Amino acid sequence: MTPDQCQQLFERLAHANPHPATELVWHTPFQLLLAVLLSAQSTDVGVNRATAPLFPTLQTPQDLLALGLAAFEQAIRTLGLYRAKARHALEMAKLLVERHEGRVPGTRGELEALPGVGRKTANVVLNILYGHPTIAVDTHVFRVANRTGLACGTTPLAVEQALLRAVPAPFLQHAHHWLILQGRHVCQARAPRCAVCLIQDLCDTGKIHV
DNA sequence: ATCCCGAGGG
DNA sequence: CCCTCTGGAT
């Protein structure tokens with residue numbers, strides 16, 4: 001995809017949705033971090049359903065430690081990978097209290113040192129809580145970038161680096177959310193809705209297929 | 001049978 | 001590089 005096509009792609013997505021935001025429901029920084037940790041191999045709808053009854057009384061890592069591992073594991077058991085997530089979440093909360101005064105740190109190194117937090121989760125937190133121009137590459141962003149030809153790569157890190165080079169600076173801050181929403185609602189994995197896609201004429205796959 | 005806002009360990 | 005963890009939706 002040419003730089004001009006890339007520019008057009010984001011102009012259209014930005015025009016259609018000027019203020020894209022996560023569809024995860026959260027109120028405190030810790031809740032965002034926790035919700036992103038829970039989102040692995042799960043839909044955000046499922047995460048919101050699991051966290052809704054919990055979050056009114058679960059606003060800080062101290063609250064999670066007070067709730068305890070067994071109760072938290074039961075509360076999130078409808079999510080994929082729930083046992084590993086519950087264990088990571090409690091270890092993460094403990095570490096936040098011990099090393100970060102119960103607050104969510106704002107550097108990649110500190111975030112990725114937390115149990116259950118890898119590059120993708122750190123990128124989301126840095127973007128949403130701290131306004132960094134990071135692009136978290138999840139399954140949706142990976143698929144949309146490769147399908148359209150916007151940024152191709154065989155690993156999430158390769159796609160992330162290609163995106164950081166391809167996306168024009170004015171769009172970097174929100175590129176992650178525009179691409180993820182496009183992937184979730186239009187450029188779906190099984191049956192992409194090319195007929196209603198705003199960027200089909202710019203897309204390598206859309207030009208050929210359907 | 002495949003996919004969902006992945007991470008840790010071997 | 002690979003494997004495992006995991007249930008719900010489609």
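Predicted model, so just to flag it, every value in this text is computed and none were measured. A note on names: the letters A, B, ... follow the listed sequences, proteins ahead of strands, and every chain is numbered from 1.
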Q. Can you tell me how far the CZ atom of A:Arg77 sits from the OH atom of A:Tyr82, to the nearest 0.5 Å?
A. 7.5 Å
Q. Which parts of nucleotides 5-10 of chain C does protein reach within less than 4.0 Å, heavy atoms only, written one letter per nucleotide 5' to 3' as B for base, S for sugar-phosphate only and - for none?
A. BBBSBB
Q. Tell me: CG of A:Leu111 to C1' of B:dA7, nearest whole Å?
A. 14 Å
**Q.** Atom pair distance, as rounded to whole Å: NE2 in A:His176 and C1' in B:dG6
**A.** 13 Å
Q | Residue pair A:Arg143 / A:His140, side-chain donor-acceptor N/O under 3.5 Å | A | yes
(Q) Tell me the interatomic distance from A:Glu91, atom CD, to B:dA7, atom C1', rounded to whole angstroms. (A) 12 Å
Q) Where is the tightest heavy-atom contact between A:Ala151 and A:Val159, given as atom of each residue plus distance? A) O-CG1, 4.0 Å
Q. Can you tell me how far P in C:dT6 sits from the matching atom in B:dG10, rounded to whole Å?
A. 16 Å
Q | Rounded distance (Å) that lies between atom C1' of B:dC4 and atom CG of A:Leu181 | A | 15 Å
Q: Start with the C-alpha distance between A:Leu9 and A:Met1, add both sets of side-chain angles, then the distance that settles side-chain contact (heavy atoms from CB on, under 4.5 Å), and finish with yes or no.
A: CA-CA 10 Å; A:Leu9 186 154; A:Met1 188 178 294; 3.9 Å; yes
**Q.** Test ring pair (Phe, Tyr, Trp, His ring centres under 6.0 Å) applied to A:His132 - qualifying residues, sequence neighbours left out
**A.** none
Q) When rounded to the nearest Å, what value does the distance between P atoms of C:dT10 and B:dC5 take? A) 12 Å
Q) What salt bridge (Lys or Arg N to Asp or Glu O under 4.0 Å) pairs are there with at least one residue in residues 4-29 of chain A, not counting sequence neighbours? A) A:Arg12-A:Asp201, A:Glu23-A:Arg184
(Q) Checking A:Arg99 now: which residues fulfil salt bridge (Lys or Arg N to Asp or Glu O under 4.0 Å) with it, not counting sequence neighbours? (A) none
Q.
Let's see if you get this right: which residues in residues 125-135 of chain A place a heavy atom under 4.0 Å from DNA chain B?
A. none
Q. How would you list, by chain and number, every residue that makes a side-chain contact (heavy atoms from CB on, under 4.5 Å) with A:Leu164, sequence neighbours excluded?
A. A:Ile135, A:Glu160, A:Leu172
Q) Taking only residues two or more places apart in sequence or in another chain, which ones pass salt bridge (Lys or Arg N to Asp or Glu O under 4.0 Å) with A:Glu112? A) A:Arg108
Q. By a strict heavy-atom criterion of less than 4.0 Å, which residues belonging to residues 10-38 of chain A are in contact with DNA chain B?
A. A:Thr22, A:Glu23
Q: For A:Ser39 and A:Lys120, run side-chain contact (heavy atoms from CB on, under 4.5 Å): C-alpha distance rounded to whole Å, both residues' side-chain angles, the deciding distance at 0.1 Å, then the answer.
A: CA-CA 11 Å; A:Ser39 68; A:Lys120 181 263 171 178; 3.7 Å; yes
Q.
Mind checking if A:Ala136 touches a base, just sugar-phosphate, or nothing, with heavy atoms under 4.0 Å?
A. nothing
Q. Which heavy atom in A:Asp138 sits nearest to a heavy atom in A:Ile180, and how many Å separate them?
A. OD2-CD1, 2.6 Å
Q: Pick out which of A:Leu32, A:Leu114, A:Leu129, A:Leu34 makes a side chain to side chain contact (heavy atoms under 4.5 Å, CB included) with A:Val104.
A: A:Leu129
Q.
Output the rounded distance in Å from NE2 (A:His140) to C1' (B:dG6).
A. 12 Å
**Q.** Pairing residues for A:Thr78 by the side-chain contact (heavy atoms from CB on, under 4.5 Å) criterion, not counting sequence neighbours
**A.** A:Ala50
(Q) Apply side-chain contact (heavy atoms from CB on, under 4.5 Å) to residues A:Phe10 and A:His174 and explain how you reach the verdict. (A) CA-CA 10 Å; A:Phe10 283 100; A:His174 297 301; over 6 Å; no
Q | Any residue of residues 149-161 of chain A with a heavy atom less than 4.0 Å from an atom of DNA chain B | A | none
Q) What distance, rounded to whole Å, do you find between the two C1' atoms, one in C:dC5 and one in B:dC4? A) 14 Å
**Q.** Non-neighbouring partners of A:Arg49 that pass salt bridge (Lys or Arg N to Asp or Glu O under 4.0 Å), sequence neighbours left out
**A.** none
Between the protein and nucleotides 8-10 of chain B, list the N/O to N/O atom pairs that are separated by less than 3.5 angstrom.
residue	atom	partner	partner atom	Å
B:dG8	OP1	A:Gly116	N	2.8

